[in-house]
Structures are given as structure tokens and as C-alpha cells.
Colleague: 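Take this structure first; my questions come after.
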Amino acid sequence: MQNILLISGTSRPDNFTARALRVVATELEKRDVTIRQIDARNISLGFPGQPETPDAGRLRDAVSAATAIVLATPEYHGTFCAMTKLIIENLGFPSVLGGKPVALVGVAAGRIGAIKALEQLKGVLSHVGAIVVPGAVSIAGVQAVFDAEGHCTDSASEQALQNAAGNLLDFLSQYVCPAHRLAEMERAVRDGNTPWATTV
């Protein structure tokens, strides 16, 4: 069974990022997967060079145990938020994100959405070795997308967030799992553990 970790990357109270991520989580819960969620509002992390917090170790353990990650961020001042970067900074060097598929969700108040934030976040994640899943979801005009209770009221945005869940699972089944099977077959051939393996 796939183990999906969802991370809401902002510590701002009553934020829209967590609301958007909740739509993704609800869609994943309908599938045959196990999900775990980490909300930046509930963790304490140190800056680089400062003593490590207990939450940093728990965060790394959760990422290490995950088959894939959904990382959500708001766009602040044309980039992803500082808390999202702090989460990445606390994932070790080399990062435990190395080789992990990561789907991205961004929200913003402006009309163009979180496009700038997501592009920059893709670059950082690729640099630390993560496999960024194609089809990042950017939600524009986010204040008008959710009502006071946090429910998504825009059908197009809701569909896009639901698609983020489906796209991630499709990526895992169509690309990641076959790659793992191929690697297992190559090891079996190398070690002579299959009836059809030959050595030269």
C-alpha cells in the first residue's frame, strides 16, 4: 500500500494552504492508500546552525517512511514561503527527499496564482534530489475559493486539487513502480537469481 505524506508548508494561522491540502487529502482517502499529514502550524523547527528540535527528527522520519509527498505552499512576495524552505532545510544533507516523488500545490491571492512560487520550489526540490511530479497545481484568488468554514466553493479549483491526488498515484503506478521492478530484475540477473538469467 502506498504511504503518502502531505505537508502544509506555512505556519500562518487559519491559512488557505491547509484548506487546499485538505481537498487533496480527502481525494486520497478515497483511494487504497495510507496518508499522514504534517501541518507547519504544529511543529517547531530550528534554522540552519541552530540546535535541532525533536520535530525535525520526526519530520525526517515521516519523509523517509513515505512513498511520496504532497507539499503545499502559499506564494509570498513572488516566491514560496519561508516556513516551506525551513522544512526543506530540516530534512538533512543529503536530504531524505532524495529519490522521493513530490507533488506540489500552491495557493495565492493574485490572479496568476502561485506560479512563481511553484517554479522556484521545483528548482530547490530538484537540487536536493527529489523527483518533482509533473502537473503542479496553482490556485489563484484563493480567498474566493473557500468559504468561511473552509469548504471549496469553486468547482474548477476543487477538480484541480482532486486531480493532484490522482496524478500523483498515476505517477507512482506508471513510472516509479515499474522503475523499481526493473531495478529488482536487474539485481536478480546480476546475482543469477532467476531461471532465465545468463552470465557471460
Colleague: Between E75 (side chain) and A117 (backbone), is there a donor-acceptor pair under 3.5 Å?
Modeller: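 Yes.
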Colleague: Can you name the closest pair of heavy atoms from T53 and L45 and give their distance?
Modeller: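 In terms of heavy atoms, the two residues are closest at OG1-CA, 3.8 Å.
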Colleague: Once side-chain hydrogen bond (donor to acceptor under 3.5 Å, both in side chains) is applied, what residue pairs with a partner in residues 79-90 remain, sequence neighbours excluded?
Modeller: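 The answer is T73-T84, T79-Q120, K85-E89.
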Colleague: Apply side chain to side chain contact (heavy atoms under 4.5 Å, CB included) to the pair F146 and R22, showing each step before the final yes or no.
Modeller: CA-CA 11 Å; F146 294 93; R22 194 176 306 130; over 6 Å; no
Colleague: Name all residues meeting the side-chain contact (heavy atoms from CB on, under 4.5 Å) criterion together with T34; count only those two or more places apart in sequence or in a different chain, and write none if there are none.
Modeller: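 T34 satisfies side-chain contact (heavy atoms from CB on, under 4.5 Å) with M1, N3 only.
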Colleague: Considering non-hydrogen atoms only, spot the tightest contact between N15 and R19 and give its length.
Modeller: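 Distance-wise, the nearest heavy atoms are O-CG, 3.6 Å.
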Colleague: On a heavy-atom basis, which atom in G9 and which in T17 lie closest, and how many Å separate them?
Modeller: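 Here G9 and T17 meet closest at N-CG2, 4.4 Å.
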Colleague: Is it true that, when you exclude R31 itself, more than 12 heavy atoms of the residues, nucleotides or ligands shown sit nearer than 6.0 Å to its CZ?
Modeller: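 Counting neighbours around CZ of R31, more than 12 heavy atoms of other residues, nucleotides or ligands fall under 6.0 Å, so yes.
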Colleague: As an exercise, state the distance from CG of L125 to CG of L104, rounded to the nearest 0.5 Å.
Modeller: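 Answer rounded to 0.5 Å: 6.0 Å.
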Colleague: Got a sec, which pairs hit side-chain hydrogen bond (donor to acceptor under 3.5 Å, both in side chains) with one end in residues 92-116, sequence neighbours left out?
Modeller: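 Matches after skipping sequence neighbours: none remain.
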Colleague: Could you please spell out the steps behind the salt bridge (charged side-chain N to carboxylate O under 4.0 Å, His left out) verdict for D55 and R58?
Modeller: CA-CA 5 Å; D55 283 339; R58 287 189 282 268; 2.6 Å; yes
Colleague: Would you say the side-chain atoms of Q50 pair up with the backbone N or O of F47, donor to acceptor, closer than 3.5 Å?
Modeller: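 Pair found, side chain donor or acceptor close to backbone of F47.
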Colleague: In sequence, state the C-alpha distance, the side-chain angles, and the governing distance for L161 and I139, and then conclude on side chain to side chain contact (heavy atoms under 4.5 Å, CB included).
Modeller: CA-CA 9 Å; L161 292 165; I139 304 299; 4.1 Å; yes
Colleague: Between atom CG of L118 and atom CZ of F80, what is the distance when rounded to the nearest 0.5 Å?
Modeller: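 Atom-to-atom, L118:CG and F80:CZ are 10.0 Å apart.
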